[in-house]
Number of protein chains: 2
Amino acid sequence: MSELPKYYGYKMRILEMIADLPPGSLIPTERALALDFGTSRTTIRKAIGELVAEGKLTRTQGSGTYTGGPKITHVRQLTSFTEDAKAIGYTPSSEILDIEQLHVDDSHAVEAQHMNLSHGDPFVRVKRVRLGNGEPLGLETACIPGELEGFAGHLRERGSLYATLREDFGIRITEVEDGVETHLAGPEEARLLKVEMGSPLLRIDRTGFDDDGRVVEWTVGHFCGDRFRFVARTRAAVA
Amino acid sequence: MSELPKYYGYKMRILEMIADLPPGSLIPTERALALDFGTSRTTIRKAIGELVAEGKLTRTQGSGTYTGGPKITHVRQLTSFTEDAKAIGYTPSSEILDIEQLHVDDSHAVEAQHMNLSHGDPFVRVKRVRLGNGEPLGLETACIPGELEGFAGHLRERGSLYATLREDFGIRITEVEDGVETHLAGPEEARLLKVEMGSPLLRIDRTGFDDDGRVVEWTVGHFCGDRFRFVARTRAAVA
DNA sequence: CGGGGTGATTGGTCTATGCCAATCTTGGGG
DNA sequence: CCCCAAGATTGGCATAGACCAATCACCCCG
């Protein structure tokens, strides 16, 4: 046995094959590749599986396997998805899945903890799919403490959560703390983001503070690992 | 056929099984689970595979499959690994794999681009494994432009790259830009970080600037997705 | 000429099985 | 009593094949 698994060798060979192809090119079928390489379809699928997870290939049942999507999508996440995406010539949009004015109960333990809320306190929760140039990039759930009258209408009109909070409710976020971890796509995320189950995602949670240091926003988002890049610029506070 | 794949159901059942177990507990063998659930070992392996990728299980050939490690390790990456890790009561250390004083040639295209260097310009490159409480957390390669005399010795003594630059070479980093993406572990990363090939990692690249806006550091790191959390705190610059 | 149905194609999932490599266990020899 | 060698156990890799579901192309019918 050689050092590396066979499937890894085939992965590299496929990587060479697709290196020069334009995005969206159809590659040979799994059965054909297995035959060509003299291996089994299972092994080819494992090789292709990793390339898919890396965003270098996409596969569609019944159709075929194609070379990677439109390419990497750099998106700054420094202040707001909408505002930053525009700044780099990217067309952002959102599809609102759900807006609710809620009151904290036992099912909101996580939200309450992050926003320092108690049982019965009001907050708004918005669930959205974030799109870039029409393609789904991420799934975001934002929570804002308080009772926000007519919030849904304002948000739909402006498109941007931050703009809505600022212009319609006088809520200004002056400092944010972002946390980034990895996460694997579950059934819901896979469906909404159009990726395979188990695909690596970036889980980005954000806590927004106002001038008085109060939490005025808490958001959790899951973004496609291969299409998204989180960027933070920080003035070093160290002496 | 139900909506969800079978392996996903088994994954959830295994998740329940291990929910109450302390970290490090041995779970039944793959063959036993396959028999119990009335399915094939292949399917069980797929279920366990995802749980491993999520950090909930670890498996060792010849030994068995065990419940997840010591739990999530929050690490701030705001200024410096060493300094921040200490601040939250975590014992950081590094294992230096390689230190080189180099001059830009054709093989350093990426490095040169990020540091705005030209052919022949000198820079130092350090490759380290970052450890937290003795466990490998990440693999980092740092590049610093310039000719740094006695750099290796100073770094080994101080342990911290930032402290070395500051104290021994008068290089002060006042602003950093961090980029975060996902990345799957390749053979080398898998070996050094003690994770499986294909495990999701956080790829964190950092560009450090001095007061004059010059690039004085460029670093790329790969960190275990399940043991690491990137945190950035930003004063919103938006009007 | 247009539209819809039908079958071939292709990826998605699962089974059953074999062998390899790392680890652990056990027992015998020094 | 300790150490180590050999066998049993366990995960790691790969094979061959079956059936399902989504898609696509083509042909037939209106």
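All values below come from the heavy atoms of this structure, side chains included, with hydrogens, waters and symmetry mates left out. Note on naming: letters A, B, ... go to the chains in the order of the sequence lines (proteins, then strands), and numbering restarts at 1 for each one.
Look at CG on B:Leu26: it is 13 Å from C1' on C:dT23, rounded to the nearest Å. In this structure, CD of B:Glu30 is placed 11 Å from C1' of D:dC13, rounded to the nearest angstrom. A:Lys46 has its NZ atom 18 Å from the C1' atom of C:dG11, to the nearest Å. The separation between B:Arg59 atom CZ and D:dC13 atom P is 8 Å, rounded to whole Å. Rounded to an integer number of Å, the gap from CZ of B:Arg45 to C1' of D:dT15 is 15 Å. Across the protein-nucleic acid pair, A:Ile44 atom CD1 and D:dG17 atom C1' stand 16 Å apart, rounded to whole Å.
Ranking C:dT15, D:dT15, C:dG11 by closeness to the A:Lys6 side chain, first place goes to D:dT15.
Within residues 9-17 of chain A, no residue has a heavy atom under 4.0 Å from DNA chain C. Within residues 184-199 of chain A, no residue has a heavy atom under 4.0 Å from DNA chain D. Residues of residues 34-42 of chain B that place a heavy atom closer than 4.0 Å to DNA chain D, in numerical order, are B:Arg41.
The side-chain contact (heavy atoms from CB on, under 4.5 Å) search around B:Ser199 returns B:Ala185, B:Val195, B:Glu196, not counting sequence neighbours. For B:Glu111, the salt bridge (Lys or Arg N to Asp or Glu O under 4.0 Å) partners are B:Arg125, not counting sequence neighbours. For B:His108, the side-chain hydrogen bond (donor to acceptor under 3.5 Å, both in side chains) criterion is met by B:Asp105, not counting sequence neighbours. Under the salt bridge (Lys or Arg N to Asp or Glu O under 4.0 Å) criterion, A:Glu95 pairs with no residue, sequence neighbours left out. Judged as a side-chain contact (heavy atoms from CB on, under 4.5 Å), and not counting sequence neighbours, the contacts of A:Asp106 are A:His119.
Side chain of B:Thr29 to main chain of B:Ala32: a donor-acceptor pair is present (N/O by atom type, distance under 3.5 Å, no hydrogens or angles). A:Arg227 places a side-chain N or O within donor-acceptor distance of the main-chain N or O of A:Pro136, the cut-off being under 3.5 Å.
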Given A:Asp205 and B:Arg229, is the salt bridge (charged side-chain N to carboxylate O under 4.0 Å, His left out) satisfied, shown in steps? CA-CA 11 Å; A:Asp205 60 280; B:Arg229 173 180 164 81; 3.0 Å; yes
Let's go through B:Leu102 and B:Val124 carefully: what are the C-alpha distance in whole Å and the side-chain angles of both, what is the deciding distance for side chain to side chain contact (heavy atoms under 4.5 Å, CB included) to 0.1 Å, and is it a yes or a no? CA-CA 6 Å; B:Leu102 300 166; B:Val124 172; over 6 Å; no
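Residue pairs meeting the ring pair (Phe, Tyr, Trp, His ring centres under 6.0 Å) criterion with at least one partner in residues 15-51 of chain A, sequence neighbours excluded, are A:Tyr10-A:Phe37.
A side-chain donor-acceptor contact under 3.5 Å links A:Thr219 and A:Glu217. Counted by atom type alone, A:Thr164 and A:Arg158 present zero donor-acceptor pairs between their side chains at under 3.5 Å.
We find that A:Glu30 and A:Arg45 are joined by a salt bridge, their nearest charged nitrogen and carboxylate oxygen being less than 4.0 Å apart.
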Result block: side-chain N/O donor-acceptor pairs under 3.5 angstrom for residues 11-28 of chain A, not counting sequence neighbours:
{"from": "A:Lys11", "atom 1": "NZ", "to": "A:Glu50", "atom 2": "OE1", "distance (Å)": "2.7"}
{"from": "A:Lys11", "atom 1": "NZ", "to": "A:Glu54", "atom 2": "OE2", "distance (Å)": "2.9"}
{"from": "A:Ser25", "atom 1": "OG", "to": "A:Pro22", "atom 2": "O", "distance (Å)": "2.5"}

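For DNA chain C, the stems formed by at least three consecutive Watson-Crick or G-U pairs, with both atom-pair distances below 3.5 Å, span C:1-30 with D:1-30.
By the 4.5 Å heavy-atom criterion applied to side chains, A:Arg130 and A:Leu139 are not counted as neighbours. Under the 4.5 Å side-chain criterion, counting only non-hydrogen atoms from C-beta, B:His222 is not in contact with B:Ile204.
Look at B:Arg31 and you won't find any side-chain N or O under 4.0 angstrom from OP1 or OP2 of D:dT10.
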Pairs: protein N or O with nucleotides 22-27 of chain D N or O, under 3.5 Å:
{"from": "D:dA22", "atom 1": "O4'", "to": "A:Gln61", "atom 2": "OE1", "distance (Å)": "3.2"}

